[in-house]
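Letters A, B, ... are given to chains in the order of the sequence lines, protein chains preceding strands, and every chain is numbered from 1. Heavy atoms only: backbone and side chains are in, while hydrogens, waters and symmetry mates are out. Computed from a prediction, not measured in an experiment: that's the story for all the values here.
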Amino acid sequence: MFSSEAPPGEKELRELYEATVPLLVRVAWRIAGTEEAAEDIVHEAFIRLLEKRIPFPSLDDAKFWLIRVVRNGALNHAKRKGREVRAYERWWQGEKVAAEPADRELLRSETEDEMRDLLERLPEKLRSVLVLKEYGEMSYREIGRALGITEGNVKVRAFRAREALLALMEEAKNVPRR
Amino acid sequence: MCPDAELLSAWMDGEVPRPWSDRLSAHIGSCASCSAKVESWRLVSAKLKAGEPLDEAALVARLGRRLDASLAERPSAEAGPRLAKPGTSLSPWRGLRLQPGLAAAAAFALLLLGGLSGGLLAGLLSSGNRVAPATIASGSPGMETLVRYLEAQNAPLNITIQLPSVGSGQITGDPMIIKTPPIETVALPALGGGFQGSAGRSPSEPGNPGP
């Protein structure tokens, strides 16, 4: 990728791209739900990086900026999509007469969507840490840098996010979804 | 005594250094309550990661091609993130910190990105078409020229004022708005008064909550 006679600056971009893109793609895909959306979100983040021309002290800072932008973009996408899907489901529930066959495929995608839904209900502070930990497979130190918080704070939030998500999962199991 | 639950969660993430991690492992192995906690978080983790695997390589390759295409379209040869030179201000608002006198002396590259149909990013995302940035001034246009240009514009604009990368001028002062909107002569409708019949209200009593 990127042509060999790259103008100055593209070397950095290439380095940054190679160091971050697998991580960004994973985070975006896990939150947004589709490869198509993940591609759009990561692409947009790089374009913004180029258009904004923010001076970064180091490539690491640019990397953490990208992580923040992708995380936000993906969360926004999931939110929008969640609303659309829920509206569709309400309509579908009304139309449906017979029960659906307990299709494995269906069950699995429901779990995925459900988890995404529950994740969306976590307070943003907790959700971001958990997303970067579970999907980004980042260390507490890296997450702290990406979010501008201390490692100790990351530790606390990772724990609280897990507990909160667990509580939401229990709730979803016991209480029929409206 | 059982360790703090936060510590268990950190242990699960591989964030507890030795020798404490070994001691924790031993404890968790023998404590039903602690191992149940860790198991429940592992379940959360597994549920979050459930579903179709991602074809990461294919997606990364597609993105690379798309970025190549986007970069090829870029008018500027200076692609890539800018790394600040040591000792320079790292504020992202650096480009906006202008003082009229000094700013006029600095060389400007003023990129005006047409504020049409939701701006550049929206355009890029929806159709892949980019709104071409129009460079209206370079060199030293002076503050007068810029202000006159801005006043002639009636549409929303995204403006990038780019200072020279090798600066000779000193940048001081706070950001300021150099163009104020025209003064409205119609007062805002008073609270509870509805939107009818408020146009005649004198503009000299702003915020007056009506009788």
**Study point:** Residue selection (most heavy-atom pairs with chain B, distance under 4.5 Å) from A/K155, A/E151, A/E35
**Key:** A/E35
Check your understanding: For B/E15, what residues pass the side chain to side chain donor-acceptor pair (under 3.5 Å) criterion, not counting sequence neighbours?
Key -> none
Check your understanding: With a 4.0 Å cut-off, would you call B/D13 and A/R162 a salt bridge?
Key -> yes
Check your understanding: Can you say whether A/L119 sits under 4.5 Å from chain B via the side chain, the backbone, both, or neither, judging by heavy atoms?
Key -> side chain
Revision key, fill the gap. Residues passing the ring pair (Phe, Tyr, Trp, His ring centres under 6.0 Å) test with A/Y140, sequence neighbours excluded, are none
Revision key, fill the gap. Note: vs chain B, highest number of non-hydrogen pairs under 4.5 angstrom among A/S139, A/A38, A/P22 is A/P22
Review point. Salt-bridged, B/R62 to B/D55, with N to O below 4.0 Å?
Key: no
Study note, to complete from the structure: Sequence neighbours excluded, the answer for ring pair (Phe, Tyr, Trp, His ring centres under 6.0 Å) partners of B/W11 is none
Check your understanding: So which of B/A5, B/G14, B/S9, B/A61 has the largest heavy-atom pair count under 4.5 angstrom toward chain A?
Key -> B/S9
Check your understanding: Is atom CD of A/E36 surrounded by more than 12 heavy atoms (other residues, nucleotides or ligands) closer than 6.0 Å?
Key -> no
Exercise for review: Measure the CG-CG distance between B/L67 and A/L50 for me, rounded to the nearest 0.5 Å.
Suggested key: 7.5 Å
Point to revise | Salt-bridge contact B/R42-B/E39 (side-chain N to carboxylate O under 4.0 Å) | key: yes
Study note, to complete from the structure: Against chain B, residues from residues 126-136 of chain A with at least one heavy atom under 4.5 Å, in numeric order, are A/L130, A/K133, A/E134, A/Y135
